[in-house]
Amino acid sequence: MAEFIQLHMLVSYPPSNLNRDDMGRPKTAMMGGVCRLRVSSQSLKRTWRTSETFKEAFGDHLGVRTKEMGWNIYLALKEGKALTGVVDGTDAEPVRSAVEEKKAVAWSQAIAAQFGKLKSIKDSKEEDAEKKKKESLCVEQMVHFSPEEIAAIDALLVRLVKSGGDPTADDLNLLQAENSAIDIAMFGRMLASSPSFNCEAAVQVAHAITVHRVAVEDDYFTAVDDLNRGVEDVGAGHVGQAEFAAGLYYAYLCINRDLLVENLGGDTDLADRSIRALAEAAAKVGPKGKQNSFASRAYASYLLAERGNQQPRSLSVAFLKPVGGEDYLKAAVAALEMTRGNMEKTYGVCAREYMTMNAATGTGTLDDILKFVSGDHA
């Protein structure tokens with residue numbers, strides 16, 4: 001069986017609104033018959049892959065997730081610029097001849113259509129001609145593009161501008177480039193209309209949930225107008241309401257190292273470095289929802305890392321009964337470690353090696369955990 005690396009974390013957030021629902025309230029879930037706070041796996045994955053930790057470690061190995069690649073291709077053709085400069089917003093100088101409108105639209109649509117179904121302008125309610133044209137160049141589904149794929153598209157643009165001819169089927173087939181984007185290799189890519197570009201995720205992330213019951217509270221607030229002298233109107237300039245809650249979350253993720261190596265074309269060094277970066281980001285970087293209002297930055301207080309070849313399992317059952325008492329963290333750590341021990345008694349050892357870090361007791365270090373998960377602990 002493949003080698004799996006599992007991370008179990010306990011992270012405490014003060015009053016905050018990390019991940020909002022459609023009503024602007026903190027997301028919740030019922031578990032064990034009580035209401036818990038919840039942070040979706042989508043929120044966590046985006047937080048980690050766009051973090052400075054990832055950017056500093058893998059600037060050249062991060063993809064771009066967008067519906068608007070066709071529009072960016074059009075701009076690159078119309079302005080004679082390199083596609084990479086248009087995509088990353090560096091506004092580089094022109095590097096080739098500009099392409100006439102009709103060809104720029106046709107070529108952009110042909111290339112974008114390789115990655116997904118184009119939006120139908122027949123259904124568009126947009127009256128602005130430029131915005132309608134932009135919609136016609138966008139695909140319906142978000143697509144995660146690797147640096148190699150963006151480079152392959154740019155190389156095709158160079159050939160098309162030089163020849164003046166439309167892209168052929170062989171030209172478009174060359175867009176299926178090798179992938180070294182760690183975010184695609186980790187979190188996968190599923191394109192319903194272009195399955196040849198699909199990539200199975202090597203990292204599975206659970207929704208984080210609080211280990212105890214919660215009640216979402218309301219924050220009634222006012223804002224005072226600085227130029228209100230209090231002569232005629234002494235009231236507030238603005239009255240508002242925002243929801244928040246605090247909680248200790250259990251977060252779990254599982255990494256299939258063998259699949260990650262496969263997704264990265266056999267590059268074991270890149271795979272291990274990406275696992276290290278993911279573990280660091282997971283321990284130190286949280287969702288940014290309402291950050292300016294709550295300053296809800298937090299590090300993991302407890303982290304259990306496991307390596308092994310057995311079928312992975314979450315330890316969320318440790319919190320089926322919500323923890324209580326005066327020290328939630330101590331109770332949660334005890335419940336987690338007891339559950340792990342009891343699971344091993346009944347099912348056998350899941351991980352051949354494990355390591356813990358507990359910031360509350362000052363035992364273990366994040367650096368040791370990072371060496372452990374990246375295979376650099378021997």
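The residues of the chain are indexed from 1 along the displayed sequence.
In this structure, the side chains of Lys132 and Lys119 stay at 4.5 Å or more apart for every pair of heavy atoms. Residues Cys35 and Met30 form a side-chain contact, since some pair of their non-hydrogen atoms from C-beta on lies under 4.5 Å apart. Put simply, the side chain of Ser296 does not reach to within 4.5 Å of the side chain of Lys290, judged on heavy atoms. For the pair Pro195 and Met190, the minimum side-chain heavy-atom distance is 4.5 Å or more. In this structure the side chain of Gln141 never reaches within 4.5 angstrom of the side chain of Lys67, judged on heavy atoms. In this structure, the side chains of Glu243 and Asp219 stay at 4.5 Å or more apart for every pair of heavy atoms. Side-chain contact check for Val158 versus Arg96: some heavy-atom pair is nearer than 4.5 Å. A heavy-atom distance below 4.5 Å is not found between the side chains of Leu18 and Lys27.
Of all heavy-atom pairs spanning Ala331 and Gly324, the tightest one is CB-O, 4.1 Å. Residues Ser274 and Ile182 come closest through the heavy atom pair CB-CG2, 3.9 Å. A pairwise comparison of heavy atoms in Leu37 and Pro26 identifies CD2-CB, 3.9 Å as the closest pair.
Environment of CG in Asp218: crowded, with over 12 heavy atoms of neighbouring residues, nucleotides or ligands closer than 6.0 Å. Heavy-atom contacts from other residues, nucleotides or ligands closer than 6.0 Å to OH of Tyr347 number 12 or fewer. Within 6.0 Å of atom CZ in Arg297, 12 or fewer heavy atoms from other residues, nucleotides or ligands are found, so the atom counts as exposed in its surroundings. Crowding of Arg46 atom CZ: a count of heavy atoms from other residues, nucleotides or ligands under 6.0 Å not exceeding 12. In the displayed structure, Lys288 atom NZ is contacted under 6.0 Å by at most 12 heavy atoms of other residues, nucleotides or ligands. No more than 12 heavy atoms of other residues, nucleotides or ligands shown are found within 6.0 angstrom of CD on Glu200.
Ionic pairing of Arg189 and Glu149 is present here: one or more N-O contacts between side-chain nitrogen and carboxylate oxygen are shorter than 4.0 angstrom. Between Glu68 and Lys134 a salt bridge is recorded (basic side-chain N to carboxylate O distance below 4.0 Å). Salt bridge absent: Lys102 and Glu100 never bring a charged side-chain N and a carboxylate O closer than 4.0 Å. Salt bridge Asp367/Arg276: present, at least one basic N to carboxylate O contact under 4.0 Å. Checked for salt-bridge contact, Glu93 and Lys81 miss the test: no charged N lies under 4.0 Å from a carboxylate O. Taking the charged nitrogens against the carboxylate oxygens, Glu101 and Lys78 do have a contact shorter than 4.0 Å, which makes a salt bridge.
In this structure a side-chain-to-backbone donor-acceptor pair under 3.5 Å is missing from His238 to Val224. Looking at Lys103, its side chain does come within 3.5 Å of a backbone N or O of Gly164 through a donor-acceptor pair. Using a distance-only test at 3.5 Å, with no hydrogens or angles considered, a donor-acceptor pair links the side chain of Thr346 to the main chain of Asn342. Between the side chain of Asp171 and the backbone N or O of Thr168, at least one donor-acceptor pair lies under 3.5 Å. At least one donor-acceptor pair closer than 3.5 Å links the side chain of Gln6 to the backbone N or O of Arg313.
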Does the side-chain contact (heavy atoms from CB on, under 4.5 Å) test come out yes or no for Met9 and Tyr250, once each step is laid out? CA-CA 6 Å; Met9 297 183 297; Tyr250 168 70; over 6 Å; no
Trace of the salt bridge (Lys or Arg N to Asp or Glu O under 4.0 Å) decision for Lys45 with Asp183: CA-CA 9 Å; Lys45 287 185 283 189; Asp183 38 5; over 6 Å; no
Is there a side-chain contact (heavy atoms from CB on, under 4.5 Å) between Thr210 and Phe319 once you walk through the steps? CA-CA 9 Å; Thr210 53; Phe319 310 113; over 6 Å; no
side-chain contact (heavy atoms from CB on, under 4.5 Å) for Thr363 and Met357? Distances and angles first, verdict last. CA-CA 6 Å; Thr363 55; Met357 179 198 79; over 6 Å; no
Would Leu10 and Leu304 count as a side-chain contact (heavy atoms from CB on, under 4.5 Å) if you check the C-alpha gap in whole Å, the side-chain angles of each, and the deciding distance to 0.1 Å? CA-CA 9 Å; Leu10 294 171; Leu304 163 65; over 6 Å; no
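Clustering of Ile, Leu, Val, Met, Phe, Trp and Tyr side chains at separations under 4.5 Å leaves Leu227 isolated, with no partner residue. Val261 belongs to no multi-residue hydrophobic cluster, having no ILVMFWY side-chain contact under 4.5 Å with any other such residue. Through direct or relayed side-chain contacts under 4.5 Å between Ile, Leu, Val, Met, Phe, Trp and Tyr, Ile184 connects to no other residue. Through chains of ILVMFWY side-chain contacts below 4.5 Å, Val143 is grouped with Val64, Met69, Ile73, Leu77, Leu83, Val87, Val99, Trp107, Ile111, Phe115, Leu118, Val139, Phe145, Ile150, Ile153, Leu156, Leu157, Leu160, Val161, Leu172, Leu175, Leu191, Phe197.
Residues satisfying the side-chain hydrogen bond (donor to acceptor under 3.5 Å, both in side chains) test with Asn72, not counting sequence neighbours, are none. Phe244 is linked by a ring pair (Phe, Tyr, Trp, His ring centres under 6.0 Å) to nothing, counting only residues two or more places apart in sequence or in another chain. Residues satisfying the side chain to side chain contact (heavy atoms under 4.5 Å, CB included) test with Ala2, not counting sequence neighbours, are Phe4, Asn256, Asp258. A search for side-chain hydrogen bond (donor to acceptor under 3.5 Å, both in side chains) contacts involving Asn179 returns nothing, not counting sequence neighbours. Take Lys284 and apply the side-chain hydrogen bond (donor to acceptor under 3.5 Å, both in side chains) test, not counting sequence neighbours, and it matches Glu280.
Follow the hydrophobic side-chain contacts under 4.5 Å out from Leu253 and you reach Val39 in the same cluster. By the criterion of side-chain heavy atoms lying less than 4.5 angstrom apart, applied directly or through intervening Ile, Leu, Val, Met, Phe, Trp or Tyr residues, Leu7 is not grouped with Ile209; the two fall into different hydrophobic clusters. Tracing side-chain contacts under 4.5 Å through hydrophobic residues (I, L, V, M, F, W, Y), one reaches Tyr249 starting from Val214; they form part of the same cluster. Using a 4.5 Å cut-off between side-chain heavy atoms of Ile, Leu, Val, Met, Phe, Trp and Tyr, with links allowed through other members, Val11 and Leu329 fall into different hydrophobic clusters. Cluster annotation: Tyr354 and Tyr252 are assigned to the same hydrophobic cluster (Ile/Leu/Val/Met/Phe/Trp/Tyr, side-chain heavy-atom contacts under 4.5 Å, transitive).
Residue pairs meeting the side chain to side chain donor-acceptor pair (under 3.5 Å) criterion with at least one partner in residues 325-341, sequence neighbours excluded, are Tyr302-Glu337, Glu306-Arg340, Arg340-Glu344. Listed by first then second residue, pairs satisfying side chain to side chain donor-acceptor pair (under 3.5 Å) with a partner in residues 12-23 read Asn19-Ser40, not counting sequence neighbours. Applying the side chain to side chain donor-acceptor pair (under 3.5 Å) rule to pairs touching residues 47-66 yields His61-Ser180, sequence neighbours excluded.
Ring pair Trp71/Tyr74 is parallel by interplanar angle, where below 30° counts as parallel and above 60° as perpendicular.
Under the 3.5 Å distance criterion, with hydrogens and angles disregarded, no donor-acceptor pair is assigned to the side chains of Ser194 and Gln114.
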